[in-house]
Amino acid sequence: MTIMTAERALELLDLLSDKGIEVWVDGGWAVDALVGRQTREHGDLDLGVLRPQLDAAVEVLAGVGYELTDARYVEVTVQLTHSEGHRVDLHPSTPVPGGGTQQTDFDGNTYYIPPPTDGHIAGRPVRCLPLETQLHTHQGYNLRPQDHHDLELLRLVRKSLDD
């Protein structure tokens with residue numbers, strides 16, 4: 001597995017932003033962004049993307065060497081893999097009036113995602129999935145060791161906010 005470095009993640013965020021594509025960090029990098037430091041290695045970069053911009057995001061990423069490798073669940077996630085082995089998983093969601101988006105899960109249920117919150121990757125501000133939504137997305141599947149790691153960090157972030 002090739003590592004998705006912080007530098008590569010930031011380059012991809014810049015690339016998509018420069019093309020007018022609104023994305024926010026999701027998954028393991030979003031956990032680290034809320035914590036404010038990298039806590040583990042990442043094999044991919046999960047990004048939330050507005051559903052109307054999904055095709056444009058895929059096209060931009062294809063332009064820098066990413067190939068569509070899994071679109072079986074296009075309502076939930078689209079996976080792109082670089083020839084070097086690192087991945088980007090795009091999670092499309094539909095904008096809703098008043099802000100935020102609505103995302104579909106693998107069971108076909110939809111849930112509300114509040115607008116992105118602020119986090120940091122390698123000291124740089126990024127938009128990322130809010131804490132409570134990250135806790136919600138870590139449910140309904142068999143957790144891997146990195147998911148347990150991420151959940152523990154999310155609980156620590158919540159506890160620090162509650163104190």
Side-chain angles (χ1 to χ4, degrees), residues 1-93 95 101 103-106 113-138 141 143-154 156-157:
M1 171 179 76
T2 303
I3 303 305
M4 176 61 73
T5 64
E7 294 76 22
R8 184 175 291 128
L10 291 170
E11 287 171 7
L12 292 171
L13 288 169
D14 288 344
L15 175 68
L16 292 162
S17 176
D18 290 348
K19 298 292 184 180
I21 299 169
E22 187 175 339
V23 296
W24 54 94
V25 182
D26 195 340
W29 270 115
V31 173
D32 282 357
L34 281 181
V35 172
R37 63 182 171 79
Q38 186 172 350
T39 65
R40 64 175 178 87
E41 291 184 337
H42 301 274
D44 67 356
L45 174 64
D46 291 278
L47 294 174
V49 61
L50 297 176
R51 190 171 307 283
Q53 296 182 325
L54 177 61
D55 290 342
V58 169
E59 185 177 316
V60 167
L61 293 169
V64 293
Y66 286 87
E67 182 178 323
L68 187 63
T69 50
D70 191 348
R72 292 175 295 158
Y73 309 103
V74 72
E75 291 300 311
V76 181
T77 185
V78 174
Q79 183 182 91
L80 298 102
T81 305
H82 195 274
S83 59
E84 295 174 0
H86 44 86
R87 293 188 334 268
V88 174
D89 293 342
L90 298 173
H91 303 281
S93 58
T101 61
Q103 189 163 11
T104 304
D105 66 20
F106 284 104
I113 299 175
T117 191
D118 296 328
H120 291 84
I121 294 177
R124 215 178 94 193
V126 296
R127 294 166 11 108
C128 63
L129 199 65
L131 172 64
E132 293 303 321
T133 307
Q134 289 192 50
L135 287 166
H136 172 82
T137 61
H138 280 84
Y141 64 97
L143 298 176
R144 304 161 298 172
Q146 63 263 36
D147 298 316
H148 288 288
H149 168 87
D150 291 350
L151 274 171
E152 182 60 31
L153 289 172
L154 291 170
L156 289 171
V157 169

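Residue indices begin at 1 and follow the sequence shown. All values reported here derive from a predicted model rather than from experimental measurement.
- Scanning both residues, Arg40 and Asp32, for their nearest heavy atoms gives N-OD2, 3.8 Å.
- Sequence neighbours left out, the pairs with a member in residues 18-30 that pass salt bridge (Lys or Arg N to Asp or Glu O under 4.0 Å) are Glu22-Arg127.
- Between the Glu84 side chain and the Gly65 main chain, no donor and acceptor come within less than 3.5 Å of each other.
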- For the pair Glu41 and Gln146, evaluate side-chain contact (heavy atoms from CB on, under 4.5 Å) and give the outcome as yes or no after the intermediate values. CA-CA 9 Å; Glu41 291 184 337; Gln146 63 263 36; over 6 Å; no
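- In the displayed structure, Glu67 atom CD is contacted under 6.0 Å by at most 12 heavy atoms of other residues, nucleotides or ligands.
- Between Thr117 and Leu34 there is a side-chain heavy-atom pair separated by less than 4.5 Å.
- Atoms CG and CG, on Asp44 and Leu80 in that order, are 11.5 Å from each other to the nearest 0.5 Å.
- Counting only residues at least two apart or in different chains, ring-ring contact (aromatic ring centres under 6.0 Å, His included) contacts with residues 6-34 comprise Trp29-His42.
- Gln79 approaches Arg87 most closely through the heavy-atom pair NE2-NE, 3.2 Å.
- For the pair Pro130 and Pro114, the tightest heavy-atom approach, listed with the atom from each and the gap, is CG-O, 3.9 Å.
- Separation of atoms CG (Asp89) and CG (Leu45) is listed at 8.5 Å; rounding is to 0.5 Å.
- For Gly28 against Asp150, the heavy-atom pair with the smallest separation is CA-OD2, 3.7 Å.
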- Candidate pair Leu47 and Leu13, rule side-chain contact (heavy atoms from CB on, under 4.5 Å), full reasoning: CA-CA 9 Å; Leu47 294 174; Leu13 288 169; 3.6 Å; yes
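- A pairwise comparison of heavy atoms in His91 and Asp46 identifies NE2-OD1, 2.8 Å as the closest pair.
- Exactly one of Leu61, Val23, Val60 qualifies for a side-chain contact (heavy atoms from CB on, under 4.5 Å) with Leu12. That residue is Leu61.
- When every heavy atom of Val49 is checked against every heavy atom of Ile21, the shortest pair comes out as CG2-CG2, 4.1 Å.
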- Go through the steps to decide whether Asp105 and Val76 satisfy the test side-chain contact (heavy atoms from CB on, under 4.5 Å), and finish with yes or no. CA-CA 6 Å; Asp105 66 20; Val76 181; 5.8 Å; no
- List the steps and the verdict of side-chain contact (heavy atoms from CB on, under 4.5 Å) for Val31 and Thr39. CA-CA 9 Å; Val31 173; Thr39 65; 5.6 Å; no
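- Within the 4.5 Å cutoff, no side-chain heavy atoms of His82 are placed close to those of Val64.
- Taking NE2 of His148 as the start and CG of Leu153 as the end, the distance is 13.5 Å to the nearest 0.5 Å.
- In terms of the side-chain hydrogen bond (donor to acceptor under 3.5 Å, both in side chains) criterion, residue partners of Asp14 (sequence neighbours excluded) are, by chain and number, Arg124.
- Here the CD-CG distance, from Glu59 to Leu68, works out to 12.5 Å after rounding to the nearest 0.5 Å.
- Residues His86 and Arg8 bring a donor and an acceptor atom of their side chains to less than 3.5 Å of each other.
- Proximity of Gln103 to Thr133: side-chain heavy atoms (C-beta onward) are nowhere separated by under 4.5 Å.
- Between Thr81 and the options Asp70, Thr69, Thr2, a side-chain hydrogen bond (donor to acceptor under 3.5 Å, both in side chains) holds for only Thr69.
- Distance alone, capped at 3.5 Å, places no donor-acceptor pair between the Thr101 side chain and the Ser93 backbone.
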